[in-house]
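To start, the structure under review is shown below, and the notes come after it.
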Amino acid sequence: MDFYEDFARSVLFKLDPELVHDLTLKAAGFAGSHKSVFGFLRGMFNFEDEVLSSSVDGLSFKSPLGLSAGFDKNGKTLGFFSMTAFGFVEVGSVTLKEFQGNPKPRLFRIPEQKSILVNLGLPNQGAEKILKRLKSVDLIPFGVSVASMNEKFDSDFDRAMSFVDCYNIVKSVGSYHVLNASCPNVAKGRFEGPEQVELLLKQVKKNCRVEKPMYLKFSVDLTEGDVEEISKVVKRFDFVNGFVIGNLTKEMSHLKKHPRLGDVVEKLGGRGGLSGGAAKLKSDRLIKQFYQESGKTIIGVGGVFSGRDAYDKIRNGASLVEGITGMIYRGPAFAKKVCVELSEFLKKDGFENVQDAVGVDA
Ligand SMILES: Cc1cc2nc3c(=O)[nH]c(=O)nc-3n(C[C@H](O)[C@H](O)[C@H](O)COP(=O)(O)O)c2cc1C
């Protein structure tokens, strides 16, 4: 009997998704700041095995599974997640100024697809406040995901500078940084055309000292041609260590006839995106292409629910993997469940360490 999957989830899934998210953040924040419960939390949610520990771009991880961006946008729960089997957390996405995000409701569950329809629009407390909070945190390796402001820019140059200015504020905290070029829910949409990527990287090169690993996050909707073009551009900027693949899919037309969400999708008029099951196959395919095309580090994300899902991404070329929807559907022991299964797959196939399995199917 699994308490979350067999009981708690059916109760929580009757409540508004964002309310549950906020309550979970509060509970995790509270538990993670009370040392007296750390032993209990470790017993419930941690798992460690040498086969899972690895070093990527000079950073050490006890497991290759991270909590993906979007769960802890303000960096309030790192204490809690350091007691779990997660090897790292990606905080954010963070923007230069604070945002309330898009009007509610803006999160919808699609259980039959194990997905979430997300139209949050980057609510977060802004770079300065988050910097202050994270300055004293070193419990677990964490990255900071940086996004451009959710507003209408006069030019792509101004938008690129909105990434640059935010990055320059938060770059002193965290083990690595991600430039999230793929948020589907902001005023101007994604910033992941090859020319936009080039403009962004030129401005980073000109205005920032990049001293920690940096990754670019793209959506899972990129085409093969996009991957080729983007890889060519990125090869010219050696401060980019690799890619986070990927963000939500915009392929939502099948939901137009959905009895509960048809009207919602209609009203969104192309805004928003789908996570989880809807993103998995696209993510797996793109991971392989980016790995083959760029030879750079890949952090694979999209539809990780089990050790098998994580293992597939690693075999396709991901050095690290992340999940968020998996935790929503499988509960706080999600990371432990994935890591236990992943370690079994690795050992069964004769790998001494997870690093040896990276890209074997690519
Ligand atoms: C509720 C929610 C909020 C998200 N917010 C962000 C975000 O702020 N920045 C970002 O880069 N990705 C964000 N994402 C995308 C996830 O990080 C991830 O790329 C995507 O959901 C696919 O992974 P999954 O299938 O494990 O959810 C969000 C996803 C969800 C479900």
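A quick note: this is a predicted structure, and the numbers were derived from the prediction, not measured. Remember, it's 1-based here, ligands and their atoms both numbered in the order they're listed.
- For N247, heavy-atom contacts with ligand 1 shorter than 4.0 Å involve the backbone as well as the side chain.
- No heavy atom of A279 sits closer than 4.0 Å to any atom of ligand 1.
- Among the atoms of V304, none of the N or O lies under 3.5 angstrom from an N or O of ligand 1.
- Remark: minimum distance from atom 4 (C) of ligand 1 to any protein heavy atom is reached at G70 CA, 3.4 Å.
- If you number the atoms of ligand 1 from 1 as listed, the ones under 4.0 Å from a heavy atom of G92 come out as 8 (O).
- Neither the backbone nor the side chain of I328 comes within 4.0 Å of ligand 1, counting heavy atoms alone.
- Looking only at heavy atoms of the protein, atom 24 (P) of ligand 1 is closest to T325 OG1, 3.6 Å.
- Here's the thing with I324: one of its N/O atoms is less than 3.5 angstrom from an N/O atom of ligand 1.
- Centroid-to-centroid, the aromatic rings of F81 and F142 stay 6.0 Å apart or farther.
- Of all protein heavy atoms, the one closest to atom 20 (C) of ligand 1 is L248 CD2, 3.9 Å.
- For the residue pair Y176/N241, the side-chain donor-acceptor check at 3.5 Å is not satisfied.
- Where the criterion is an N or O separation shorter than 3.5 Å, residue side chain and backbone included, G323 fails it with respect to ligand 1.
- Looking at D309, V301, L179, it is V301 that brings a heavy atom closest to atom 23 (O) of ligand 1.
- Between the side chain of K296 and the main chain of Y291, no donor-acceptor pair closer than 3.5 Å is present.
- A side-chain donor-acceptor contact under 3.5 Å links E112 and H258.
- Legend: residues meeting side-chain contact (heavy atoms from CB on, under 4.5 Å) with K347, ordered by chain and number and at least two apart, are D49, V51.
- Looking at S145 and S93, their side chains do bring a donor and an acceptor atom within 3.5 Å of each other.
- The heavy atom nearest to atom 13 (C) of ligand 1, considering only P123, S93, A69, is found in A69.
- Ring pair F290/F243 is tilted by interplanar angle, where 30° to 60° counts as tilted.
- For the residue pair Q196 and R159, no side-chain donor N or O sits within less than 3.5 Å of a side-chain acceptor on the partner.
- A 4.5 Å side-chain heavy-atom check between T24 and F71 finds at least one atom pair inside the cut-off.
- Each of the following atoms of ligand 1 lies closer than 4.0 Å to a heavy atom of G246: 19 (O), 22 (C).
- Distances between N or O atoms of S68 and those of ligand 1 include at least one value under 3.5 Å.
- For ligand 1 and L120, the ligand atoms under 4.0 Å from any heavy atom of the residue are 1 (C), 3 (C).
- Under 4.0 angstrom from ligand 1, the non-hydrogen atoms of L107 all belong to its side chain.
- In summary, the atoms of ligand 1 found under 4.0 Å from a heavy atom of G276, numbered by their order in the structure, are 24 (P), 25 (O), 27 (O).
- Within a 6.0 Å radius of CD in Q292, more than 12 heavy atoms belonging to other residues, nucleotides or ligands are found.
- Contact annotation for K217 and ligand 1: only side-chain heavy atoms (C-beta onward) come within less than 4.0 Å of the ligand.
- Counting only N and O atoms by type, the side chains of N316 and D284 include no donor and acceptor under 3.5 Å apart.
- An N or O contact shorter than 3.5 Å links K73 to ligand 1 by distance.
- Here atom 31 (C) of ligand 1 lies nearest to V118 when heavy atoms of D72, V118, T95 are compared.
- Looking only at protein heavy atoms, the nearest one to atom 22 (C) of ligand 1 is G302 CA, 3.7 Å.
- Using a 4.0 Å cut-off between heavy atoms, K280 makes no contact with ligand 1 at all.
- By the side-chain contact (heavy atoms from CB on, under 4.5 Å) test, S162 pairs with S148, M149, F153, sequence neighbours left out.
- Annotation for ligand 1: atoms under 4.0 Å from non-hydrogen atoms of S275 are 21 (O), 25 (O), 27 (O).
- The closest heavy-atom contact to atom 10 (C) of ligand 1, among the options N180, N124, V94, comes from N180.
- Within a 6.0 Å sphere centred on CZ of F239, heavy atoms belonging to other residues, nucleotides or ligands number more than 12.
- Using modelled atom types and a 3.5 Å distance limit, the side chains of N119 and K267 yield no donor-acceptor pair.
- Using a 4.0 angstrom heavy-atom cutoff, G273 does not count as in contact with ligand 1.
- Remark: side-chain polar atoms of K73 are not paired, donor with acceptor, to backbone N or O of L122 under 3.5 angstrom.
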